[in-house]
Each structure stands twice: as structure tokens, then as C-alpha cells.
Amino acid sequence: QVQLVESGGGLVQAGGSLRLSCAASGRTFSSYATGWFRQAPGKEREFVATISRYGLSTYYADSVKGRFTISRDNAKNTVYLQMNSLKPEDTAVYYCGVGSTIYALDEYDHWGQGTQVTVSS
């Protein structure tokens with residue numbers, strides 16, 4: 001079983017940057033692919049980025065490609081999301097979850113409590 005805690009959200013102006021962290025408990029963290037998803041008010045949760053168990057492969061939503069970078073440090077049981085060139089439409093609660101592969105998005109679960117990102121125009 002793995003438990004996830006997101007942090008690093010906040011209020012930033014458009015064009016700014018934030019780095020989110022997802023800290024995992026449990027010895028099996030490196031057994032999972034891990035991903036970031038987000039949910040804006042009134043919308044369903046959507047995929048942002050995923051990373052394979054050892055960080056060799058990544059997968060990004062078209063809307064964030066070239067602006068966001070996902071990475072992981074298994075020694076620290078942590079996954080990061082570096083967000084640059086932020087836009088108001090990036091405003092959402094950001095969640096991390098774990099899954100079996102970077103492409104099996106419907107399988108992701110064990111969501112944390114989320115961290116709010118607000119981008120002002």
C-alpha cells in the first residue's frame with residue numbers, strides 16, 4: 001500500500017513557475033509508475049503527466065508539453081512536477097497517483113489530498 005502527499009502549490013502570475021512535490025510512504029514506491037492529474041472547478045480530473053517506475057519514460061498531455069517536466073527520486077520516494085510558463089487555464093487542484101504503466105491512465109489511484117495551483121492573469 002502506498003500513501004501520497006502533494007505539496008508546493010500556490011498563487012502565481014501568468015508566465016511564472018512552480019514546482020510540485022508528491023511524497024510517498026511505503027517501500028514499494030519504485031514498483032509503480034506515478035502521475036500528476038488535475039481538476040479544475042466544475043470539470044473532471046484530467047491527465048497531466050506520468051513517469052515510469054525508474055524515470056526512464058515519461059508521457060505528457062498536449063496542453064502541458066514543453067512547459068511542464070515530471071521527474072522522480074526513488075531514494076526520496078518523491079515525484080516532482082516542474083511547471084514553467086504557467087497559464088490561467090492551468091489553475092486547478094493537482095493530484096498525484098500511482099499506476100502500472102505510464103499509459104494506463106484509467107488505472108491510476110491512491111490519490112493524495114491535492115495541492116491548489118492558481119495562476120492569475
Side-chain angles (χ1 to χ4, degrees):
Q1 191 82 354
V2 62
Q3 293 183 321
L4 305 172
V5 177
E6 302 93 337
S7 63
L11 173 63
V12 63
Q13 289 188 334
S17 299
L18 282 173
R19 188 174 85 151
L20 306 183
S21 298
C22 171
S25 62
R27 299 180 181 177
T28 60
F29 178 64
S30 61
S31 299
Y32 299 98
T34 308
W36 287 97
F37 294 71
R38 66 188 181 187
Q39 187 167 17
K43 296 187 177 181
E44 293 188 352
R45 185 177 293 167
E46 66 174 9
F47 157 69
V48 175
T50 51
I51 188 166
S52 59
R53 294 184 299 163
Y54 298 108
L56 297 180
S57 300
T58 57
Y59 178 42
Y60 294 94
D62 288 343
S63 59
V64 307
K65 201 172 295 182
R67 300 188 298 123
F68 291 10
T69 302
I70 188 170
S71 61
R72 69 189 295 161
D73 185 341
N74 286 344
K76 296 182 178 180
N77 275 9
T78 303
V79 171
Y80 305 97
L81 186 68
Q82 178 66 44
M83 305 187 296
N84 299 328
S85 302
L86 282 161
K87 304 175 181 180
E89 50 264 42
D90 294 318
T91 295
V93 178
Y94 283 69
Y95 299 90
C96 62
V98 295
S100 59
T101 77
I102 62 172
Y103 299 116
L105 303 179
D106 290 344
E107 295 179 0
Y108 277 68
D109 59 10
H110 290 88
W111 308 107
Q113 84 291 347
T115 186
Q116 176 71 48
V117 171
T118 302
V119 184
S120 63
S121 58

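Only this structure's heavy atoms are used, side chains among them; waters, hydrogens and symmetry mates stay out. Just so you know, residue 1 is the first one in the sequence shown, and it goes up from there. Just so it is clear, the model here is predicted, and its values are computed rather than measured.
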**OP:** For residues Phe47 and Tyr108, establish whether the separation of their ring centroids is below 6.0 Å.
**Re:** no
Original post:
Strictly under 6.0 Å, is that where the ring centroids of Phe68 and Trp36 end up?
Top reply: no
Original post:
Quick one: do Lys65 and Asp62 make a salt bridge, cutoff under 4.0 Å?
Top reply: yes
Is [X] reaching over with its side chain to a backbone N or O of [Y], donor-acceptor style, under 3.5 angstrom?
X: Thr50; Y: Gly35; result: no
X: Thr91; Y: Val119; result: yes
X: Arg72; Y: Ser52; result: yes
X: Gln113; Y: Val5; result: no
X: Glu6; Y: Gly112; result: yes
X: Arg67; Y: Ser85; result: yes

Original post:
At what distance, to the nearest 0.5 angstrom, does SG of Cys96 lie from CD1 of Ile70?
Top reply: 9.0 Å
Evaluate the side-chain proximity of [Y] to [X]: yes if any heavy-atom separation is below 4.5 Å, no if none is.
X: Arg53; Y: Ser30; result: no
X: Met83; Y: Val117; result: yes
X: Lys76; Y: Ser21; result: no

Original post:
Any cation-pi pair here, Arg19 with Tyr80, using under 6.0 Å and within 45°?
Top reply: yes
Original post:
Among the clusters formed by ILVMFWY side chains lying less than 4.5 Å apart, do Val79 and Tyr60 turn up in the same one?
Top reply: yes
Original post:
Taking atom CG of Asp106 as the centre, does the number of heavy atoms from other residues, nucleotides or ligands within less than 6.0 Å exceed 12?
Top reply: no
